[in-house]
Amino acid sequence: MSQTGRILALLVLALAWPGGFAARAAEDQFLPPEQVFRYTVTSDGASVAVHWSLPAGYYAYKARMSLESATPGALLGPAVYPKGDIHKDDYFGAQEVFRGAFVVTAPLQLAAGAVREVLLKLKIQGCADAGLCYPPQLSDVKVELPAAPPAAAAGGIGAILGAHRPAGTDADFLPPDDAFRLGAFADGPERVRLVWQIANGYYLYRSRIAVRTTSAKVQLGRLALPAGTFKTDEYFGKQEIYQHELVGELPIARAAGDATDVGLDVTYQGCAEAGLCYPPITKTLRVDLPRGSGGAFVSEQERLASLVRSGSLLVVLGTFFGLGLLLGFTPCVLPMVPILSGIIVGQGASITTQRAFMLSLTYVLGMALTYTVAGAAFAAFGHGEQAQAIFQQPWIIGLFAGVLITLGLSMFGLFTLQMPSAVQTWLSELSSKQSAGTYGGVAVMGALSALIVTTCVAPALVAVLAVIAQTGDIARGAAVLFAMSFGMGTPLLVAGASAGKLLPRAGAWMDIVKRFFGVLMLAVAAWMLTRIVPEGAALVLWAVPGLLGAWVLWPAARGGSAAGWLVRAAGLALGLFGVALLVGAALGGTDPLAPIPRFASHHQELPFRSIKSLDDLQREVASAKSAGHPVLLDFYADWCVSCKEMERYTFSDPAVRKALASVVLLRADVTRNDAADQTLLKYFGIIGPPTIAFFANDGVERRNFRVVGYMKAAEFGAVAHQALFGDPGT
């Protein structure tokens, strides 16, 4: 192509590409478009074929071709193109083009009923080698179908795609509304969550899902869908599909306060594994959105999620490092302090501050990297709801507690008293390697600690995982997760390095310090095991480190120094605490902080009703709505530390109880994390407990008020009152 031709082509394409008009040069030297882009259309009832024929010296762009059906009840699948030639253009780069004769086909699916002809809309655009580029050519053409096309002859509720219809009748297959149950609800003032419950043996096509709005005052964003699995279809080729459950996030733009009632037309299509494919299904849904910005309450996790999505990366990383630093002083992370300190102490008094810091850094990096990779992976693959609970299974907790007990007892030198020789040898090798402070072993301990010890769900974590799941930006999300988890580990760096610097010189005191850190490791093991044992047995578990601590500290204070008397007093206190725990367990006590039932302060629990499934929830919310009552839904688990804090300090507060007096209180106990629990968590997009959702008396969740993690009573009471009754209360 000459330079003049290239310039002409550039100008024509720049105008014609978006559908405008094309410049014509030397018109008498070029064929008219109807002689360049000639075609015939045929159909065998299961597909359509467009036979194109271009004269020599002309070509068509693959990217500018399309084939659509304009007939209701007739759906075309993705077009199948032959392999074209690569045409290199100085301005538009490499483009795939077609020359001469070629055929484009597309599978055809017909809904039930007689369809005799299909109206097709064809689009094509191309150029002449001599320099002229044509505007897009649009054509409408009708194609007659055979008298008995395969889809109609089947006589079923839809066309058969990918397989012949199996023997049997329509009764062998579920009705479409039972095969694909669709629900929609507000996920904040500017987002809607679409949830499909897909029956076993059925699946949805990703490419067949579309959403339109019937509301004039809103604009829909791109529907965000998770990654599916791939299935090779005889007619449609390789297709991405969804099975069991699908959750999509739909952004909605609107003016503040406008269009609280939004209409959505949701179209989708799926098949049964046995061979039947349903016609496209369109459901019209209405979603009540909470009022938008302009003074409306926005939950902490929503504000943080917005920051992660659009904030400066440096600001985001700094913010989440600071949030992680604050989390480092919560009961979720503090149990790791004795684990790391015990590893440092196991080195002996000869350890240097530099080595103590390097071991601490190795532990924290192992924790941070594991936290980051695991969190990002769960969110990216749509399993963020299970990331917390999966590591709280009894056998995992028991195994890690066993490792801590082993390391704790190794500091007492008691293996030879209780262990068979083979087990003793293995434990001795394990503890000696750990005590030696090998970096690999320390990193493994940090990784295990991140997965098992840290059980709290905080707004910062929910915000990051939600952004990863909704946007697919794994790199940004992982960087933020790492900044937050490294912030959580910063107090551990200080504690670990200080342990090396503050260790006493070799001698009797060094042995006492080593044994005392063994006691602390046993205390962490007891703290973990209390999640999976009865409450009475938990008191006995706590008594063990208490009595051992007394045994270590009481004889340690020799002489009459003030420090010695303080150590002895601490030992006495631990001994009395251990005895009180044992007595309390015998008397039926359940609270380690107040083991004797007679002296325990019994806080009155809120009258929660238990729900297990989504059907239970919908029934309870509907019943409350008919009675004009709002609903509070609490997601709880026995292994959730912050859930216990909410029960003890927040739900027991008189002001909170008064604010919730007329509210229907529901609780979803997800301790077991079974299939029903996972379905409920996934429906709400909840990472884990504690999470509290509020439904006003209209039965609609006020998504922007959702509470994640522990919240103090005064703040929680104000949020609950505003969410349920529309004002912050008093």
Side-chain angles (χ1 to χ4, degrees), residues 16-22 32-54 60-82 98 101-126 134-162 176 205 207-214 233-237 239 265-271 277-284:
W17 197 270
F21 61 91
E34 60 271 15
Q35 295 183 21
V36 175
F37 306 107
R38 295 173 295 177
Y39 63 88
T40 58
V41 182
T42 61
S43 175
D44 60 3
S47 64
V48 296
V50 183
H51 304 260
W52 293 98
S53 179
L54 276 64
Y61 290 101
K62 178 181 178 181
R64 301 301 295 165
M65 299 182 68
S66 66
L67 172 61
E68 298 177 356
S69 168
T71 299
L75 178 69
L76 287 182
V80 179
Y81 295 90
F98 301 115
F102 61 96
V103 181
V104 178
T105 62
L108 175 65
Q109 179 185 355
L110 303 174
V115 179
R116 296 303 181 189
E117 65 179 14
V118 176
L119 176 62
L120 300 178
K121 289 185 173 295
L122 309 181
K123 178 182 176 181
I124 193 170
Q125 185 178 10
Y134 295 86
Q137 303 298 307
L138 306 176
S139 304
D140 292 342
V141 58
K142 291 183 178 180
V143 56
E144 293 187 0
L145 303 181
I157 61 176
I160 306 302
L161 300 180
Y205 288 106
S207 61
R208 303 295 194 276
I209 298 173
V211 185
R212 292 176 295 276
T213 181
T214 56
D233 189 285
E234 179 180 350
Y235 293 94
F236 287 91
Q239 292 289 315
D265 288 338
V266 185
T267 301
Y268 51 96
Q269 185 181 12
C271 302
C277 280
Y278 296 84
I281 302 167
T282 298
K283 291 287 185 182
T284 298

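Owing to the predicted nature of the structure, the values given are computational and were not obtained by experimental measurement. What's counted below: heavy atoms across the whole structure, side chains too, no hydrogens, waters or symmetry copies.
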Which heavy-atom pair separates [X] from [Y] by the least distance, and what is that distance?
X	Y	value
Arg212	Thr267	NH2-OG1, 3.4 Å
Phe102	Pro82	CB-CG, 4.0 Å
Ala106	Ala79	CB-CA, 4.1 Å
Pro107	Pro78	CD-O, 3.6 Å
Glu34	Arg38	O-CG, 3.4 Å
Thr42	His51	OG1-NE2, 3.3 Å

Using a 6.0 Å cut-off, check whether atom CD of Gln35 has over 12 heavy atoms from anything other than its own residue. yes
Set out, in order, the CA-CA distance, both residues' side-chain angles and the distance that settles side-chain contact (heavy atoms from CB on, under 4.5 Å) for Val143 and Ser43, then state yes or no. CA-CA 7 Å; Val143 56; Ser43 175; 3.8 Å; yes
What I'd like to find out is whether the side chain of [X] reaches to under 4.5 Å of the side chain of [Y], using heavy atoms alone.
X	Y	value
Pro280	Arg208	no
Val50	Val141	no
Leu75	Gln269	yes
Leu67	Leu122	yes

Do you know which of Val118, Val104, Leu76 makes side-chain contact (heavy atoms from CB on, under 4.5 Å) with Val48?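 The option that passes is Leu76.
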Run through Thr282, Ile281, Val211 and flag the one making a side-chain contact (heavy atoms from CB on, under 4.5 Å) with Tyr268.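 Output: one option passes, namely Ile281.
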Is the NZ or CZ atom of Arg64 positioned over Tyr61's six-membered ring, under 6.0 angstrom from the centre and within 45° of the axis?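 No.
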Below 30° counts as parallel, above 60° as perpendicular, anything between as tilted: where do the rings of Tyr134 and Phe37 land?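 Answer is perpendicular, since the angle exceeds 60°.
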Report the distance from atom OG of Ser139 to atom NZ of Lys123, rounding to the nearest 0.5 Å.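 So the OG of Ser139 and the NZ of Lys123 are separated by 12.0 Å.
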Check: Leu119 main-chain N/O paired with Thr71 side-chain donor or acceptor under 3.5 Å: yes
